[in-house]
Number of protein chains: 2
Amino acid sequence: MQNTVPARRVEERMKHFQARASELGLAATHQRRIIYRVIAKSAEHPSPELIYERVKREIPTISLATVYKNIKTFAAMGLVGEVGALPGSIRVDANLDRHHHLVCVNCKAVVDFCDSRLDRVRAARANPENFRILRYQVEALGLCPACQVAPARNKVRTQRRKHNG
Amino acid sequence: MQNTVPARRVEERMKHFQARASELGLAATHQRRIIYRVIAKSAEHPSPELIYERVKREIPTISLATVYKNIKTFAAMGLVGEVGALPGSIRVDANLDRHHHLVCVNCKAVVDFCDSRLDRVRAARANPENFRILRYQVEALGLCPACQVAPARNKVRTQRRKHNG
DNA sequence: TGACAAACGATAATATTTATCGTTTAATAG
DNA sequence: CTATTAAACGATAAATATTATCGTTTGTCA
Ligand SMILES: [Mn+2]
Ligand SMILES: [Mn+2]
Ligand SMILES: [Zn+2]
Ligand SMILES: [Zn+2]
């Protein structure tokens with residue numbers, strides 16, 4: 001249930017990452033490659049904390065600060081997206097294609113939702129506040145299959161644990 | 001520029017709040033009335049911190065914990081909404097009518113966006129993940145008028161300040 | 001008006017994110 | 001290939017955001 005992205009797609013993303021990083025003058029350090037790969041391999045929109053946990057398996061000396069710094073750097077450069085639909089920690093997205101999200105209001109699972117009709121969403125009238133609208137983002141809020149049968153308990157944990165014994 | 005709701009509307013909301021609170025067996029304390037009124041008077045989707053600042057003007061001894069506890073209580077009972085479009089602190093919404101939001105990606109301003117076409121947003125196909133979709137939520141991300149001319153600096157502050165001299 | 005559950009205020013604890021700073025390392029010029 | 005150096009890293013403190021705990025106060029209802 002790790003919601004893994006196909007290896008072929010992961011390699012495509014790694015190639016794109018290396019190419020764009022090079023163009024942007026972003027040093028391709030070992031840490032950055034591992035951090036990005038962890039993000040690219042996951043379809044679950046992982047939190048910084050979860051990314052940190054997984055990167056630590058490959059680089060036990062990695063610092064949480066390094067993970068945060070690089071998530072922010074990647075996001076600022078458009079190499080990853082930040083999903084901010086729920087309160088709590090941010091969720092990171094390697095999928096740069098136009099898409100929307102299914103969000104479980106119970107366990108906070110976030111799943112990609114590709115749908116042509118959602119892509120075409122636009123307001124009927126110009127907004128009276130005169131915002132310059134850059135893009136529309138749709139969230140379909142509801143319950144994931146697991147939470148439909150057992151809506152009581154919350155499955156996703158984003159929190160750090162002091163003692164992980 | 002306080003983005004104030006008309007007094008008539010505020011009084012309607014207060015009436016509704018009192019009625020629903022009574023129905024729900026929620027004690028109508030002085031603190032709760034003031035906290036709710038602060039939320040009801042604002043159209044800017046204030047953060048808990050901002051609500052706390054304003055409530056303090058009327059109840060200088062109010063605790064930040066009381067403000068948080070009551071925001072959560074109100075939200076759990078459906079008396080207010082929580083807007084979670086941006087990272088950082090949550091934003092509280094007294095407007096319970098069906099509506100969407102304009103969000104400034106620069107200063108994080110959140111403005112109500114009522115639009116019939118957005119209300120009718122639905123996916124073209126059933127979602128392959130079999131979520132039970134409860135509602136669709138649309139955010140129009142862009143730049144508010146102020147940030148279109150001066151996109152550099154961030155105007156909204158949600159943060160506490162240690163020294164407020 | 002008194003009893004009691006609920007709510008409050010103070011504050012500690014936890015969770016999330018960013019800043020600081022000394023050390024290490026990737027990039028590149030020679 | 002090595003020296004230089006700006007960038008990145010790791011450790012950790014600090015800032016910010018939210019929740020929990022607990023003793024005191026207050027609203028509710030008999
Ligand atoms: Mn996604
Ligand atoms: Mn609103
Ligand atoms: Zn769920
Ligand atoms: Zn703005």
Side-chain angles (χ1 to χ4, degrees), chain A residues 18 21-36 45-53 55-56 58-77 79 82-84 86-92 108 154 156-164, chain B residues 18 21-36 45-53 55-56 58-77 79 82-84 86-92 108 154 156-164:
Chain A
Q18 306 260 37
S22 177
E23 284 171 27
L24 294 163
L26 189 71
T29 65
H30 181 54
Q31 286 90 340
R32 283 188 176 143
R33 274 189 292 263
I34 301 298
I35 291 168
Y36 180 80
H45 306 79
S47 66
E49 181 61 25
L50 182 56
I51 295 166
Y52 173 61
E53 295 297 332
V55 171
K56 250 198 314 196
E58 298 185 60
I59 313 175
T61 57
I62 193 85
S63 168
L64 178 59
T66 299
V67 172
Y68 266 100
K69 275 184 287 203
N70 282 306
I71 288 170
K72 292 297 177 184
T73 300
F74 295 170
M77 293 182 163
L79 295 168
E82 289 183 66
V83 181
L86 277 308
S89 59
I90 65 168
R91 305 282 289 263
V92 184
K108 304 193 194 314
N154 200 310
V156 166
R157 78 163 36 272
T158 62
Q159 304 96 311
R160 270 191 290 281
R161 279 286 159 234
K162 202 64 75 60
H163 311 291
N164 60 344
Chain B
Q18 307 258 36
S22 176
E23 283 171 27
L24 294 162
L26 190 71
T29 66
H30 181 55
Q31 286 89 342
R32 283 190 177 142
R33 273 190 292 263
I34 301 299
I35 291 168
Y36 180 80
H45 305 81
S47 66
E49 181 62 25
L50 182 55
I51 294 166
Y52 172 60
E53 295 297 333
V55 171
K56 249 198 317 196
E58 299 185 60
I59 312 175
T61 57
I62 193 86
S63 167
L64 178 60
T66 298
V67 172
Y68 266 101
K69 276 184 286 202
N70 281 306
I71 288 170
K72 291 298 176 184
T73 300
F74 295 169
M77 293 183 163
L79 296 168
E82 290 184 65
V83 180
L86 277 307
S89 59
I90 65 168
R91 306 282 289 263
V92 184
K108 304 192 194 316
N154 200 310
V156 167
R157 79 162 37 270
T158 63
Q159 304 96 311
R160 270 191 289 282
R161 279 286 160 233
K162 201 62 77 58
H163 311 291
N164 59 344

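Here the structure is a predicted model, which is why all the values come from computation and not from measurement. Order of the sequence lines sets the chain letters (A, B, ...), proteins ahead of strands, with each chain counted from 1. Reckoned from all heavy atoms, side chains included, excluding hydrogens, waters and symmetry mates.
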Would you mind reading off the distance between [X] atom [atom1] and [N] atom [atom2], rounded to a whole angstrom?
X	N	atom1	atom2	value
Leu64(A)	dA15(C)	CG	P	13 Å
Arg32(B)	dT25(D)	CZ	P	19 Å
Ile71(B)	dC8(C)	CD1	C1'	15 Å
Glu49(B)	dT19(D)	CD	P	14 Å
Glu82(A)	dT18(C)	CD	C1'	13 Å
Lys108(B)	dA17(D)	NZ	P	11 Å
Lys56(A)	dA11(D)	NZ	P	11 Å
Glu58(A)	dC9(D)	CD	P	15 Å

Practice prompt. Sugar-phosphate means primed atoms, P, OP1 and OP2; the rest is base. With that split, encode nucleotides 20-30 of chain C 5' to 3' as B, S or - using protein heavy atoms under 4.0 Å.
Written response: B-----SS---
Worksheet item: Are the side chains of Ile90(B) and Lys72(B) in touch, meaning some heavy atoms are under 4.5 Å apart?
Response: yes
Discussion item. Quick check: do Leu64(B) and Glu49(B) have side-chain heavy atoms less than 4.5 Å from each other?
Written reply: yes
In Å and rounded to the nearest 0.5 Å, what is the [atom1] to [atom2] distance from [X] to [Y]?
X	Y	atom1	atom2	value
Ile51(B)	Ile62(B)	CD1	CD1	11.5 Å
His45(B)	Lys108(B)	NE2	NZ	15.5 Å
Met77(B)	Leu24(B)	CE	CG	5.0 Å
Ile35(A)	Thr29(A)	CD1	OG1	7.0 Å

Item to complete: On DNA chain D, check which nucleotide each of Lys72(B) and Val67(A) is closest to and give me the residue with the more 5' one.
Response: Val67(A)
Worksheet item: Does OP1 or OP2 of dT18(D) have a side-chain N or O of Tyr68(B) closer than 4.0 Å?
Response: yes
Worksheet item: Given dA11(D), is OP1 or OP2 found less than 4.0 Å from the side-chain N or O atoms of Ser63(A)?
Response: no
Fill in: Stepwise side chain to side chain contact (heavy atoms under 4.5 Å, CB included) check, Val55(B) with Thr66(B)
CA-CA 11 Å; Val55(B) 171; Thr66(B) 298; over 6 Å; no
